[in-house]
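These numbers were taken from a predicted model, which means no experiment stands behind them. A, B, ... follow the sequence lines: proteins, then strands. Residue 1 opens every chain.
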Amino acid sequence: MTTIIIAVLGAIMIAAAVLAIVQKSLLSAVIAAGAISLLASLLYIVLAAPDVAMTEAAIGSGLTTIVFLFALNKIRKEDKHG
Amino acid sequence: MELAGAIITLIGSIFLFLGALGLLRMPDIFNRMQAGTKATTLGSILFLTGSAMAHAECTCTGKIVILILFIIFTNPLSSHALARAAHFIGIPLAKKTVKDDLAEDEKKEEGGQL
Amino acid sequence: MVNIIYQIAGAIALAAILLAFIRMIKGPTAADRVVALDAMTIISISLIIFLAATLQRVIYIDIALVYGLISFVGIVAIARYLERGI
Amino acid sequence: MVKKIFIVIILGFFAVMLLPLAKDFTPFQELSPVAEKYVEDGPEELGSANLVTSVIVTYRGLDTLGEVAVLFIAAAGVGFFLRKEEKGDKTPKRGSSQILQSGTAFLFPLILAFGVYIFLHGHLTPGGGFQGGVVIASGMVLLLLSSASAKINENVLHLVESLSGASYVAIGILGLVLATGFLDNRFLDLGEFGTLLSAGAIPLIYSFIGLKVGAELVGIVNNMQKDQS
Amino acid sequence: MTLITILGLVLIMIGLWGMLTQKNIIKIIIGFSIMDTGVHLIMVSIGYLKDRTAPIIDSAVDQANAVNTVVDPIPSALVLTAIVIGLAVTALMLSYAIKLYEKKGTLDINEFKELKW
Amino acid sequence: MIKIQIKIKTYTESGAMKRFKHTVLLFLFLVLLWALLTPHNMQEIWAGVAVSALVALFTLRMDPVLGDLKLTPKSFLYLLIYIFVFIKELVISNLDVARRVVDPKLPIKPGIVKVKTKLNSRIGRTILANSITLTPGTLTVDIKDEYLYIHWIEIKHDDLEGATKDIVQKFEKYLEVIFG
């Protein structure tokens, strides 16, 4: 069972990583990067590292996305001015 | 008891699946959200309840209850925030859409201000 | 018997994540991708509980709590970014 | 064109370099000697059920101190880079909906309490100071998101950060004075294994780490969000 | 678990590819964070031992026999710190990117020629 | 219009009363949360009481959203009935969604309609909006004062009154008693 979970989640992660690089839209790339972290924290549970899973869920998918969004917001705002 | 728990879990997972399928099939973002929010909410509630029932020996009922209440409260909230944003940035509605009161009212308001 | 039904339920949840991810690839707009991400997080919470039950550790449920909480904040952040509110 | 070839060469080089890691890597069959010692002696020596916590807080406590320092420097760097004079023109932000505002007002205290739960139970559950700090920081971020006019009092933030940082170091020195080494948790009673008030000073240390990390992350986000331009 | 090691390697390669080919600085930072995730996955997978459980002793783990039933706690501790540092580094890079954008009005890496050799 | 309403804060006698009620209720909620999260022993309960008191004091300056809750026996009874109604609607809505999704023709006729609510309390409106989102075929898109804008997957009524009757009132009559 765990092997199937790892295979499926891993395939999704690789697809999301490619999506994050290939995407033209910055917001979509950030969302895809968030999805990678989200799935990585599931894998950490399979790997018996719950502390890491919790940290990754909290930081990787939550705060990193938020920090990226604030940065994008600054850049977009300047866009509107110029 | 355990068998009932497992069956409830199975029903929940089918709802999760249907929600994801609806996400894929629906024509525009609001309809997708409808399918996504409702089906995944009930699906996850059933899944969690079933898991707690199927493993009666675990002392996790309190945490599962908190998780369910939390999902019921936040899932519609985030859907609402997203729907509002999507409407604001003007994502086109599906061709089948009959009416849009919000857009009309917003137009009226802008007209009134000018 | 119980175990087999339970495992089938887990497999269906896994397939649901896959379907939601296909919506994320297809897009077409960023908002659609966020909706897909939202659905993926909720399904993942179920999957975490499934893993906790399969691996027989009660303490993994805490992760599901943190996961749900933080993903809610993340989705709200993206929504507020889209409507130019932050 | 030259650039593309160059990129392909670099990627190929990395692939060849990393391939043996995947190909020849045989999973270990048992714990390494250091880990074996930690697992064997950790629970009795320190009283912490979560062995990762005992490694982070006590056995490798100095590393954690360094890490918190790195985080502090990064927060200060963000503040330095984004420091600017206030300008008059601000782009109007769209207010959030009533529903989100009242939902946040209800959820925020619950998130705070949950964050405290996470770092107080760092020695029993997968949680800990870092995770709890992040949860508290996300609660603050939710507050910032729910209303465009919300401001975070920076003085309070700095006060919490420096106080918790100072207390963290003070506890470390207390361990040096009263027990055997820096950040030793055994100057408090180890208590009954598996309860809240066990593992000596670990809950205390993790609380201060949690507050400090939370304050620093809120500082980073606040600096990135601040409408200075 | 070697499957995870391979996954980590693929993620590292994808992140590196993104960092080398992308023009936009934000995209380069995203590539960096993908690479980060790959490295963390590999580190955790090295500490994993087959059929063992998390190093948290409660009713599910026998304390006397813990040495034979739990995984290595050290990689977990290392990765936990690495993730937090990764966030700090990402935030620092992003604030630097914002600063660059304010100076030049663009994020295209080819526009920044001052340090090119 | 909205902004003005929010900004005016009345520091009257009833305002202080509301804040006190909010704080006490919040404290009880937090203790309940802690009790559900932790195993039951004396240490944990005292820690929970201490943490709850600290958090309740820390958030003293925030909106007293819970102050609108009415604490009469009738409202408790209605709360129970409301929970049952809510669960019933949730199940119906899921079967409805399932039917639409599986049907190869996708039988939808979506649109955004406007409805009016009588509720005045803010947390009451929030719960109403959440309930609407989780009931058959409806999704709250926006709120302006007492008007809610709802995306309806299959429009049955075109006018404000008909839509209000169909969507809002089945919850409103209970929530009105609970929150006012």
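Atom CD in E83(C) sits 9.5 Å away from atom CG in L82(B) (nearest 0.5 Å).
Between chain B and the residues G68(C), A53(C), S71(C), the largest count of heavy-atom pairs under 4.5 Å involves A53(C). Chain C forms more heavy-atom pairs under 4.5 Å with one residue of L24(B), T40(B), L77(B), I64(B) than with any other, namely L24(B). Among T29(C), D62(C), V76(C), the residue making the largest number of heavy-atom pairs under 4.5 Å with chain B is D62(C). Here L69(C) is the residue among I43(C), I8(C), I78(C), L69(C) with the most heavy-atom pairs under 4.5 Å with chain B.
For T37(B) (side chain) and Q34(B) (main-chain N/O), no donor-acceptor pair under 3.5 Å exists by modelled atom type.
Both the backbone and the side chain of F50(C) come within contact range of chain B, each with at least one heavy atom under 4.5 Å from a heavy atom of that chain. In this structure, chain C has heavy atoms under 4.5 Å from both the backbone and the side chain of L16(B). Both the backbone and the side chain of L65(C) come within contact range of chain B, with heavy atoms under 4.5 Å apart. Looking at D38(C), only its side chain comes within 4.5 Å of chain B, counting heavy atoms on both sides.
Neither side chain, T54(C) nor Y6(C), offers a donor N or O lying under 3.5 Å from an acceptor on the other.
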Handout entry: Full working for side-chain hydrogen bond (donor to acceptor under 3.5 Å, both in side chains) between N75(B) and T41(B)
Key = CA-CA 7 Å; N75(B) 206 9; T41(B) 308; 2.8 Å; yes
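Between F15(B) and F47(B), the ring centre distance reaches or exceeds 6.0 Å.
Listed by chain and residue number, L46(B), M53(B) satisfy the side-chain contact (heavy atoms from CB on, under 4.5 Å) test with I8(B) (two or more places apart in sequence, or in another chain).
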